[in-house]
Structures are given as structure tokens and as C-alpha cells.
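Note sheet for the following structure.
On a predicted model such as this, the values are computed, not experimentally measured, just so you know. Each residue takes its place number in the sequence, starting with 1.
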Amino acid sequence: MSHPRLFGDHFLCSLTDDEQAMVRRVRGLCRDTLGPKAAEVARQDVFAWDNFRLLAREGIVGTAFPRRFGGTDARQQLRIRLIEELGRVCSTSASLITGTDLSSRAIVAGASEALQEQLVPGLCTGELQAAFGLTEPEAGSDVRGLQTRFRRTAEGYRITGRKKFITRASTADWFVIVGCAQDDPTTFLAALVPRDAPGFSIGPEVGKLGWYGVPISSLTLNEVAVPVSHRLGAEGEGFSLAQDALLRARIGHAAMALGRAIGAVEIAATYAGDRSSFGKALGEHQGVQWMLADMVTQIESSRALLALTAQKYDRGDTDVATYASMAKLQATDLCMKVVTDALQLTGGRGYLQDFPLERFFRDAKLNQIGEGASEVHKTVIGRDWMRRARSAERNPCLREGSLVDY
């Protein structure tokens with residue numbers, strides 16, 4: 001007999017029957033395999049091949065790819081539900097799905113037809129992997145500060161530069177490299193580089209606090225030759241391709257963070273029902289109930305914002321980038337707070353490595369940092385809202401003229 005979920009399924013109402021069936025399939029994977037194995041996967045920061053192959057075999061990886069190449073081209077309204085389900089039990093599994101968007105979106109959106117035919121079917125099934133080479137020692141969220149240079153040649157380009165914090169670098173077959181034209185740093189380019197290209201080297205894996213199962217490394221490119229056929233999009237489109245990949249990844253980060261927050265509340269609430277303190281169950285104390293009330297109210301509010309953002313993406317709304325920043329900011333900051341409070345609620349038990357909240361706590365921080373730190377998104381949101389204010393309908397409570405002279 002199945003029990004109702006602590007957090008309701010109200011957001012599934014917007015999904016088709018087939019989409020709901022995929023959510024149920026992912027729930028089964030989480031219940032039977034990914035959840036029970038999550039602690040083991042998180043013990044060492046080596047690529048989680050078993051999880052990746054399972055998600056590829058079940059078609060979850062393929063949700064990021066077009067149908068003509070074997071994918072399902074899933075709506076974001078479905079993908080956020082899948083990522084939330086995975087994040088509820090295993091950050092590694094969730095990041096394997098969000099990382100697919102980040103690493104492969106520019107190939108789907110910008111590669112030539114011939115290159116897509118060559119690579120996308122393998123990326124869809126997991127036989128091939130790609131990595132996204134954007135961040136540099138001096139540039140990350142500020143894409144316009146990239147120092148990697150594309151020098152034009154008779155055959156194509158020679159690329160020189162350094163990249164760091166590159167997820168899947170140690171396992172990828174192909175790398176999306178984003179940089180600027182050497183003779184015009186305002187012209188952004190993106191190109192595909194194979195891992196065995198002369199002049200291209202991959203650094204050792206770098207240890208990190210959490211998010212085990214998806215290692216990171218640095219890249220060095222020294223006059224790496226790339227034919228014109230491997231350029232993604234036209235010259236000057238490298239920036240927009242990178243932004244599109246980051247947009248989808250930010251929506252994924254928000255979904256993953258909310259899934260983890262949901263999991264943390266489920267664990268903390270179960271503990272509060274089992275643990276006794278001062279003669280009654282921990283969960284019967286008003287202070288604990290108020291903590292849980294804040295957690296669940298804010299989580300449901302954030303889920304609603306993310307659902308709206310996914311709808312905007314699927315419709316192609318022009319303001320979706322700002323809403324993605326809002327969803328990512330709200331969900332990831334909230335997740336860090338919820339996981340911290342859940343760990344506090346469970347006391348010494350929550351701090352132990354054999355209890356899931358220790359892993360949830362370590363994993364939560366990167367969501368606040370990856371694909372633009374929270375502070376960057378605050379700047380993006382505030383700047384956009386001030387731009388809108390200049391041309392927006394004036395509040396009818398105000399009289400005409402400058403408010404300086406009010």
C-alpha cells in the first residue's frame with residue numbers, strides 16, 4: 001500500500017499522462033535504486049557511472065535532446081519535476097541531468113546538421129559525453145571577461161586559453177569551448193574540441209566539499225586547431241549559446257535545490273515524530289512545529305515560482321532569464337537554510353555521516369554558487385527591474401512629474 005507524499009503532487013496536474021508516467025518511473029528509480037545507493041555514491045568523488053547509465057537507459061538523460069535524435073525534447077515543466085524527484089534523494093543523480101543541459105545544449109542549439117547527426121544520438125543514449133568549458137581563472141559569471149582567444153586561420157581557428165571548475169572533464173569525449181575572437185574581444189565564439197586534440201590537456205580531478213559523483217578538472221588549450229565545421233553557431237553567437245545553456249542549468253539548479261529541501265524536511269519531520277524530548281515527541285513542541293511551518297511554506301512558495309519559470313521557458317517568454325535568476329536565487333538560498341535547520345532539528349544524529357542530512361548539508365552550498373552565485377542573480381534581477389520601471393505603467397496613486405519634486 002502506497003502512502004501519500006508529505007509534499008503534495010499538485011504540480012503534476014499540468015503534465016500530460018505520459019509525462020506523469022515518467023515522473024512515476026523516476027520515483028521508482030529513486031525508491032528502489034538511487035535513494036538506497038546515494039550514501040555509497042557520495043563516499044568518493046568519482047564519476048557515478050552506474051547512476052548515469054541507469055538514467056540514460058531509462059530515457060531520463062534523453063529528455064534534454066530532440067526526438068529526431070532519439071530524445072524526448074521534454075518540456076521544462078516536466079524536467080523540473082524529474083530533477084526535483086532526483087534531488088530529493090541524490091544530488092549526484094540530479095546533477096547528472098542538469099549537467100546534461102549545461103554540457104550539451106550548445107551542441108543541440110548551435111552545431112551543424114552533420115555534427116548533430118554525428119554526436120547527438122550518442123549523447124542522448126549516454127554513449128558519448130560532453131563538457132561545457134566556460135569558467136576561467138578570471139571569468140565565470142562575468143562571461144564578457146573571458147580570456148580564451150580564437151585566432152582565425154585558413155582552415156578554421158586556433159584556440160588558446162585556460163578553463164577551470166569543468167564538470168565531466170575527466171569523462172567527456174567532446175568539449176564546448178567558449179571564448180572571444182583574438183582580433184575583436186567583443187565577438188564571442190563557441191566550438192567543439194575532442195579530448196584527444198593536439199595542444200588540449202585535462203588537469204587532474206580537484207577535490208571538493210560535496211557533490212561527489214561528478215568530478216571537476218581544469219583545461220588548458222595551447223593553439224588547439226579547430227575546423228570551421230566544429231564552430232557552434234555563427235561568429236558572435238558564442239555568448240547567446242552560453243547564456244541559453246546557463247538558463248536551462250539555472251532552472252535545473254533551482255529544481256535540484258527544492259528537491260533536496262523537500263527531502264530534508266521529510267527526514268527531519270520523521271525524526272521529530274520518532275524522537276522524544278521532555279516527555280513528548282519532539283514534533284509536539286511548538287518551536288519545532290514553527291520551524292517546520294516556515295520550511296514547508298517557503299518551499300511551496302518557491303516551487304510555485306519555479307513552476308511559473310518553467311512555463312515561461314516553454315512558452316518562450318522574453319523575460320524568462322530574469323525569472324530563472326529569481327527561481328535559482330530563491331530556491332538555492334532557501335535550500336541552504338532548510339537543510340541547515342533540518343540538521344539543527346535532528347541534533348547530533350543529523351551531524352553523523354551515516355545520516356543523510358550530513359550529505360545534504362555539504363551538497364546544498366554549491367547550488368548557491370554554481371551557474372552564477374546568489375549575489376550575481378540579485379544584481380541581474382535588480383538591474384532588470386529598474387530597466388523595466390523606466391517604461392512601465394505608472395502607479396495611479398502618483399501624480400504626474402518627477403518624484404524628486406513630489
Side-chain angles (χ1 to χ4, degrees), residues 45-66 68-71 92-93 95-135 148 150 156-159 161-179 189-206 213-233 238 241-242 244-245 248-249:
D45 196 10
V46 296
F47 191 77
W49 280 110
D50 287 347
N51 291 37
F52 180 74
R53 289 174 179 133
L54 174 63
L55 292 168
R57 188 167 62 247
E58 292 292 331
I60 314 306
V61 170
T63 59
F65 298 99
R68 63 196 178 100
F69 296 119
T92 300
S93 298
S95 65
L96 290 172
I97 303 305
T98 61
T100 298
D101 262 337
L102 186 63
S103 63
S104 302
R105 180 62 185 174
I107 302 172
V108 172
S112 67
E113 186 70 27
L115 207 52
Q116 288 185 355
E117 293 282 355
Q118 176 187 346
L119 300 180
V120 176
L123 292 170
C124 183
T125 61
E127 296 171 68
L128 294 176
Q129 283 203 54
F132 186 60
L134 178 68
T135 304
T148 295
F150 282 60
Y157 305 91
R158 293 271 180 171
I159 307 177
R162 292 187 298 153
K163 302 291 183 180
K164 69 175 184 177
F165 307 150
I166 308 305
T167 305
R168 303 194 194 200
S170 55
T171 56
D173 303 286
W174 291 86
F175 294 78
V176 175
I177 302 297
V178 183
L189 297 96
L192 269 175
V193 174
R195 76 178 289 118
D196 59 355
F200 181 65
S201 61
I202 303 167
E205 294 177 351
V206 181
V214 280
I216 61 172
S217 301
S218 60
L219 309 175
T220 302
L221 299 96
N222 184 16
E223 286 285 290
V224 175
V226 175
V228 173
S229 61
H230 284 194
R231 188 184 67 211
L232 301 174
L241 287 171
D244 180 47
R248 290 171 65 99

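Under the 3.5 Å distance criterion, the side-chain polar atoms of R158 are matched with a main-chain donor or acceptor of E223. Within the 3.5 Å criterion, the main-chain N or O of V178 finds a donor-acceptor partner in the side chain of K163. For R168 (side chain) and F175 (main-chain N/O), no donor-acceptor pair under 3.5 Å exists by modelled atom type. A side-chain donor-acceptor contact under 3.5 Å links T98 to the backbone of S95. Between the side chain of R231 and the backbone N or O of G233 there is at least one donor-acceptor pair closer than 3.5 Å. Under a 3.5 Å cut-off, the side chain of R195 and the backbone N or O of A172 do form a donor-acceptor pair. A distance-only check finds a donor-acceptor pair linking the side chain of D173 to the backbone of Q129 [under 3.5 Å]. N222 contributes no side-chain N or O that, together with a main-chain N or O of G199, makes up a donor-acceptor pair within less than 3.5 Å.
Minimum heavy-atom separation, L96 to A48: CD1-O, 4.2 Å. Heavy-atom minimum distance, V108 versus F65: CG2-CD2, 3.7 Å. In plain terms, the two heavy atoms of T100 and A64 that are nearest each other are CG2-CB, 4.0 Å. Considering every non-hydrogen atom in both L102 and A249, the closest pair reads CD1-CB, 4.0 Å. Closest approach of Q116 and P121 over heavy atoms only: O-CD, 3.4 Å. Here the shortest heavy-atom pairing between L55 and S93 reads CD1-O, 3.7 Å.
T171 places none of its side-chain heavy atoms less than 4.5 Å from the side chain of F52. Within the 4.5 Å cutoff, the side chain of L192 has heavy atoms near those of the L232 side chain.
T125 and R53 share no side-chain donor-acceptor pair at under 3.5 Å. In this structure, a donor-acceptor pair under 3.5 Å is present between the side chains of S170 and E205.
Here NE2 of H230 is found 5.0 Å from CG of L115. Values are rounded to the nearest 0.5 Å. Atom CZ of residue F69 and atom CG of residue L119 lie 9.5 Å apart, to the nearest 0.5 angstrom. With values rounded to the nearest 0.5 angstrom, F150 atom CZ is found 3.5 Å from I159 atom CD1. Within the model, atoms CD1 of I107 and CH2 of W174 stand 9.0 Å from one another, a figure rounded to the nearest 0.5 Å. Residue L134 holds its CG atom at 11.5 Å from CG of L241, rounded to the nearest 0.5 Å. Between atom CZ of residue F200 and atom CG of residue L219 there is a gap of 4.5 Å, rounded to the nearest 0.5 Å.
In this structure, F47 places its CZ atom where more than 12 heavy-atom neighbours from other residues, nucleotides or ligands lie under 6.0 Å away. When the shell of 6.0 Å around CZ of R162 is examined, it contains 12 or fewer heavy atoms from other residues, nucleotides or ligands.
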Walk me through it: do F132 and I166 pass the test side-chain contact (heavy atoms from CB on, under 4.5 Å)? CA-CA 7 Å; F132 186 60; I166 308 305; over 6 Å; no
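For R68 and E113, the salt-bridge test passes: some basic side-chain N is under 4.0 Å from an acidic carboxylate O.
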